[in-house]
Amino acid sequence: MQSAVTRQISAELRRRLAKASNVLVLTGAGVSAESGVPTFRGGGNSAVWKGMPFDVISSATMVRRNLPAVWEWFDYRRELLKSLRPNPAHQEIARWQKRFADLSVVTQNVDGLHQLAGSKDVIELHGSIWRSRCQDCRSKIQISRTEPRAELCLDCGESLRPDVVLFGEILPSGAFELAAEKAGACELCFAIGTSGLVYPAAGLPEIAKAAGAYVCEVNPERTPVSDICDEVLTGKAGEVLPLL
Ligand code: BV8
């Protein structure tokens with residue numbers, strides 16, 4: 001008995017999956033939802049921390065106004081992540097690195113679960129919750145899953161902040177440019193678990209589409225990205241991806 005999702009997968013997509021060599025995957029918070037990581041929007045929730053919507057606490061303004069509060073929010077999320085593991089969606093995407101000659105994994109997520117699942121060369125558009133950055137000399141320090149994080153820069157002694165791109169901040173230099181170049185060169189582009197609201201990341205499927213790629217969305221809900229897709233697979237990433 002074929003599942004509802006299997007019936008959704010078109011012959012065209014199957015054909016393209018069979019012959020594609022250059023594939024780009026753009027993921028958002030939804031790809032980590034089945035690992036237990038709360039998403040920011042969709043599914044009725046929008047992350048709120050101590051009364052502040054996430055785009056207020058995760059913002060450049062808040063780093064200037066109240067860095068300890070920003071650390072508290074990120075420390076809380078990192079603590080939660082310590083007990084969470086990659087789900088079948090992350091694992092399938094990691095397997096795709098061998099399946100396709102040139103697979104680009106571009107993520108908006110900061111949780112590190114793609115890397116934990118085995119994906120290599122992940123383009124982290126919004127940085128990583130597992131890294132700090134010095135506010136002064138900008139040196140970066142990995143945050144361990146077991147040891148307490150450093151409070152001050154080991155090089156210059158100045159205060160550290162999460163090495164994450166907050167609202168109102170520019171993306172790591174080169175990250176978006178590389179992702180856009182890959183999007184412009186791919187034959188097949190998947191937008192997986194993203195609400196398609198946050199730019200410039202949300203512009204990547206449009207770049208792929210304009211360059212002639214076949215664009216496919218995997219999401220339980222419709223999003224602004226759905227309108228430009230060649231195919232929309234309605235379902236959870238952890239259930240749909242293994243069927244592809
Ligand atoms: C920039 C890190 C320019 C932090 C994030 C006003 C002031 C300042 C900027 C702006 C402004 N107005 C607009 C902007 C631009 C802003 C923006 O786009 N805002 C939007 C909200 C309107 N963008 C920026 O600020 C970016 N920078 O523009 O810089 C600039 C230039 C020069 C000088 C200065 C600035 C930076 C944006 C990055 C912000 N940081 N994250 C943190 O993690 O706390 S973004 C944040 O939202 C998350 O990281 C996430 O990556 C991102 C997008 O969310 P999604 O990943 O899509 O997740 P979401 O929860 O929204 O959706 C989940 C989806 O999954 C849903 O569709 C759901 O249906 C689906 N789903 C659920 N379960 C499943 C599933 N799918 C599959 N399977 C499931 N099981």
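Indexing begins at 1, ligand by ligand and atom by atom, following the structure's order. Start at 1 with the first residue, then count along the sequence.
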Check: Under 4.0 Å from ligand 1, counting heavy atoms only, is it the side chain of Arg77, its backbone, both or neither?
Finding: side chain
Checklist line | CH2 on Trp130 to CG on Leu116, rounded to 0.5 Å | finding: 8.5 Å
Note to self: Using a 4.0 Å cut-off to any heavy atom of Leu197, which atoms of ligand 1 qualify?
What the structure shows: 18 (O), 20 (C), 22 (C)
Margin query: Quick one: does any side-chain atom of Ser35 pair with a main-chain N or O of Arg85 as donor and acceptor, under 3.5 Å?
Written below: yes
Next item on the list: Using modelled atom types only, decide if a donor and an acceptor are shared between the side chain of Glu217 and the backbone of Val225 within a distance under 3.5 Å.
Entry: no
Check: Is the shortest N/O to N/O distance between Pro220 and ligand 1 below 3.5 Å?
Finding: no
Notebook entry, point to check: When only distance counts, is Gly193 in polar contact with ligand 1, meaning an N/O pair under 3.5 Å?
Noted result: yes
Item checked: Transitive ILVMFWY side-chain link Trp96 to Ile123, under 4.5 Å -> no
Check: Could you give the distance from CG (Asn109) to CD1 (Ile129), rounded to the nearest 0.5 Å?
Finding: 10.5 Å
Item checked: Polar proximity ligand 1 side, Thr223 side, N/O cut 3.5 Å exclusive -> no
Next item on the list: Please name the residue in the list Leu24, Val215, Leu244 that meets the side chain to side chain contact (heavy atoms under 4.5 Å, CB included) test with Phe190.
Entry: Leu244
Next item on the list: State plainly whether the residues Glu206 and Lys209 are in salt-bridge range, i.e. N to O under 4.0 Å.
Entry: no
Check: Which ligand 1 atoms are under 4.0 Å away from a heavy-atom of Asn219?
Finding: 66 (C), 67 (O), 68 (C), 69 (O), 70 (C)
Notebook entry, point to check: Does ligand 1 have a heavy atom under 4.0 Å from the side chain of Thr194, from its backbone, from both, or from neither?
Noted result: both
Item checked: Contacting atoms of ligand 1, where contact means under 4.0 angstrom from a heavy atom of Glu34 -> 78 (N), 79 (C), 80 (N)
Item checked: Residue portion contacting ligand 1 (non-hydrogen atoms closer than 4.0 Å) for Ser58 -> side chain
Note to self: With a heavy-atom distance limit of 4.0 Å, tell me whether Ile129 approaches ligand 1 through its side chain, its backbone, both, or neither.
What the structure shows: neither
Notebook entry, point to check: Would you call Ile170 a ligand 1 contact, heavy-atom distance under 4.0 Å?
Noted result: yes
Notebook entry, point to check: Going by the atom numbers of ligand 1, which of them fall below 4.0 Å from some non-hydrogen atom of Val164?
Noted result: 2 (C), 4 (C)
Notebook entry, point to check: Quick one: does Lys236 get an N or O within less than 3.5 Å of an N or O on ligand 1?
Noted result: no
Next item on the list: For ligand 1, indicate whether the residue Ala237 contacts it via side chain, backbone, both or neither (heavy-atom separation under 4.0 Å).
Entry: both
Checklist line | Check ion pair Arg161-Glu169 (N to O, under 4.0 angstrom) | finding: yes
Note to self: Using a 4.0 Å cutoff against the non-hydrogen atoms of Val165, which atoms of ligand 1 qualify?
What the structure shows: 2 (C), 4 (C), 5 (C), 36 (C), 38 (C), 39 (C), 40 (N), 41 (N)
Item checked: The one among Phe40, Trp73, Trp49 that brings a heavy atom closest to atom 60 (O) of ligand 1 -> Phe40
Notebook entry, point to check: Any idea which atoms of ligand 1 are less than 4.0 Å away from a heavy-atom of Gly28?
Noted result: 56 (O)
Next item on the list: Decide whether a cation-pi geometry holds between Arg77 and Trp49; the criteria are a distance under 6.0 Å from NZ or CZ to the six-membered ring centre and an angle within 45° of the ring axis.
Entry: no
Check: Considering only heavy atoms, which of Glu239, Arg222, His126 lies nearest to atom 38 (C) of ligand 1?
Finding: His126
Notebook entry, point to check: Are the charged groups of Arg14 and Glu12 less than 4.0 angstrom apart, N to O?
Noted result: no
Notebook entry, point to check: Would a distance-only check, ignoring hydrogens and angles, find a side-chain to backbone donor-acceptor pair under 3.5 Å from Asn219 to Thr194?
Noted result: yes
Note to self: Can you name the atoms of ligand 1, numbered from 1 with element, that are less than 4.0 Å from a heavy atom of Ala29?
What the structure shows: 55 (P), 56 (O), 58 (O), 60 (O)
Next item on the list: Check ligand 1 against Gly168 and write out every atom of the ligand that is under 4.0 Å from a heavy-atom position of the residue.
Entry: 8 (C), 9 (C), 24 (C), 25 (O), 34 (C), 35 (C)
Check: Do Leu243 and Tyr214 share a hydrophobic cluster (ILVMFWY, side-chain heavy atoms under 4.5 Å, transitive)?
Finding: yes
Note to self: Below the 3.5 angstrom mark, is there an N/O of Val110, backbone or side chain, next to an N/O of ligand 1?
What the structure shows: no
Check: side chain to side chain contact (heavy atoms under 4.5 Å, CB included) with Ser32: which of Leu84, Asp111, Val110?
Finding: Asp111
